[in-house]
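Following: one structure in structure tokens, then a few remarks.
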There are 2 protein chains.
Amino acid sequence: MLSLTEENYLKAIYHLSDGGTKSVLTNEVADAMSTKPASVTDMVKKLSAKKLITYEKYYGVTITKQGKTDALTIIRKHRLWETFLVQTLNFHWDQVHEVAEQLEHIQSPLLIEKLDEFLNFPIADPHGHPIPDKSGKIHTGQQVPLCDIAAKKTVTVLAVNVKESSSFLQYLSKIGVYIGARLAILDKAEFDGSIEIMIDGKKKVFVSKEASQNILVTP
Amino acid sequence: MLSLTEENYLKAIYHLSDGGTKSVLTNEVADAMSTKPASVTDMVKKLSAKKLITYEKYYGVTITKQGKTDALTIIRKHRLWETFLVQTLNFHWDQVHEVAEQLEHIQSPLLIEKLDEFLNFPIADPHGHPIPDKSGKIHTGQQVPLCDIAAKKTVTVLAVNVKESSSFLQYLSKIGVYIGARLAILDKAEFDGSIEIMIDGKKKVFVSKEASQNILVTP
DNA sequence: ATAATTTTTTAGACCAGTCTAAACTTTATA
DNA sequence: TATAAAGTTTAGACTGGTCTAAAAAATTAT
Ligand SMILES: [Mn+2]
Ligand SMILES: [Mn+2]
Ligand SMILES: [Mn+2]
Ligand SMILES: [Mn+2]
């Protein structure tokens with residue numbers, strides 16, 4: 001049984017390690033968690049005592065098999081709750097993250113099973129992020145940033161990179177981009193990387209390179 | 001902003017004081033919270049510093065106007081979540097309390113408003129307990145224990161007294177008692193207070209005095 | 001290769017919440 | 001009304017999570 005704080009650290013380490021594929025440094029965790037390095041050192045000792053990560057002094061931490069499993073359970077809960085909030089309670093996609101940060105810590109396997117069933121076993125959350133299934137498996141198709149798509153091609157929006165800022169999501173809603181939208185790349189400006197796109201064959205807009213890097217689409 | 005622990009103490013004090021109508025002793029709180037009296041003394045000092053209760057050394061605590069409001073908000077959330085779990089996710093009424101104990105602490109006024117709306121503004125939870133409205137108002141009709149009903153009368157089940165034990169709820173389900181059931185009192189045994197009842201005109205069962213004291217019905 | 005800089009860890013402190021043991025106040029009993 | 005019993009508070013300690021300041025290790029620059 002993990003404390004709320006331990007769960008949050010473990011999840012942060014999972015994300016920072018790209019799903020357990022690379023090791024993570026103390027300062028990275030401190031940044032991500034908005035705590036001080038000294039606090040991270042204390043916590044990684046605890047998590048490593050619980051065999052959820054391996055900790056090598058001065059060289060950072062690596063997530064273990066068990067740690068990955070536990071992290072995926074938390075992520076699964078987070079994304080199922082976000083899906084519930086949008087699909088069932090009609091939240092906007094920029095309103096759900098904070099609440100899901102709380103809901104993800106509710107301890108009740110039965111609740112998550114029933115929620116999953118009620119939502120009809122969704123495979124992606126409102127931001128297009130994959131929802132791990134009960135066994136922790138993630139099935140994602142290929143996703144590429146919009147900035148990498150050649151001119152004249154038409155693609156479908158699969159997901160958005162959303163760190164902490166809901167303002168990016170609000171911006172996307174405003175210009176008409178949503179998960180599932182069809183985007184035709186009309187023109188690409190070489191000098192600043194900005195792109196002109198047509199959304200659903202109806203609306204023509206410009207997006208900056210910054211934005212197009214964070215919109216993930218079909219290859 | 002109250003901590004999870006402060007919320008739990010405040011709710012316990014509200015319930016022990018019968019909705020703020022009487023004062024509550026240290027040991028009663030300690031019993032209800034499964035903590036030691038010394039811990040209660042510490043906490044009531046904190047809650048009284050926050051003006052949620054008034055604390056008179058050696059004579060117990062009384063809940064304030066603000067304390068009542070805050071307690072009712074928590075109770076509202078608890079009961080809305082229990083309603084959600086039963087109505088929407090098909091939990092049994094004996095499975096919801098523990099989960100609602102966690103969910104009641106989620107901080108998001110918007111979530112509660114939307115949940116309330118989604119559930120169509122229910123006025124009672126799965127155990128028949130009234131759900132305070134957004135302003136904290138409770139509207140309950142008159143409820144009397146089944147043991148006080150005269151023989152030959154027929155009544156409707158309005159609520160059940162459920163402390164911590166889900167076993168009483170399981171027992172009620174087993175014999176066929178539920179919120180809304182019609183009970184005809186066939187016979188009352190004077191010597192032990194047990195009652196013979198007919199449920200929905202179909203099933204004849206005996207219930208002990210103990211049980212009949214905890215089934216609340218129309219007068 | 002040594003020095004300067006950055007990163008990380010340790011040491012010691014603090015807060016919230018809990019406990020036990022001892023002191024104190026109130027209530028019950030004789 | 002004095003004494004015993006019960007209830008309550010205080011004092012001091014502990015855990016989990018956090019911090020700052022100082023020490024130690026690793027990295028980078030000279
Ligand atoms: Mn999120
Ligand atoms: Mn979290
Ligand atoms: Mn309950
Ligand atoms: Mn609670």
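What's counted below: heavy atoms across the whole structure, side chains too, no hydrogens, waters or symmetry copies.
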Minimum-distance pair of heavy atoms, taken over all atoms of A:L52 and A:Q66: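 Of all heavy-atom pairs spanning A:L52 and A:Q66, the closest is CD2-CG, 3.7 Å.
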To the nearest Å, how far apart are [X] [atom1] and [N] [atom2]?
X	N	atom1	atom2	answer
A:N8	D:dG16	CG	P	17 Å
A:L47	D:dG16	CG	P	13 Å
A:K45	C:dT8	NZ	P	14 Å
B:M43	C:dC15	CE	C1'	12 Å
A:D42	C:dG12	CG	P	14 Å

Mutual orientation of the aromatic rings belonging to A:F84 and B:F118 [parallel < 30°, tilted 30-60°, perpendicular > 60°]: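 The rings of A:F84 and B:F118 stand perpendicular, inter-plane angle above 60°.
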Short side-chain N/O contact to D:dA6 OP1/OP2 from B:N27, under 4.0 Å: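 No, outside the criterion.
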Distance below 4.0 Å between B:T26 side-chain N/O and D:dT9 OP1 or OP2: yes
Non-hydrogen side-chain atoms of B:E104 and B:K11 separated by less than 4.5 Å: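 The answer is yes; the side chains approach within 4.5 Å.
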Minimum side-chain heavy-atom gap B:T83-B:P126 below 4.5 Å: yes
A:S34 side chain to A:A30 backbone, donor-acceptor under 3.5 Å: no
Within 6.0 Å of CD1 in B:I123, more than 12 heavy atoms from elsewhere: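 Counting other residues, nucleotides and ligands, CD1 of B:I123 stays at 12 neighbours or fewer.
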Enclosure of B:H92 NE2 (heavy-atom neighbours >12, cutoff 6.0 Å):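 Open.
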Nucleic acid contacts of residues 54-61 of chain B, taken as heavy-atom distances under 4.0 Å to DNA chain C: B:Y58, B:Y59
Residue-level proximity of residues 31-41 of chain A to DNA chain C when a heavy atom falls under 4.0 Å: A:P37, A:A38, A:T41
A:D125 side chain to A:H78 side chain, donor-acceptor N/O pair below 3.5 angstrom: no
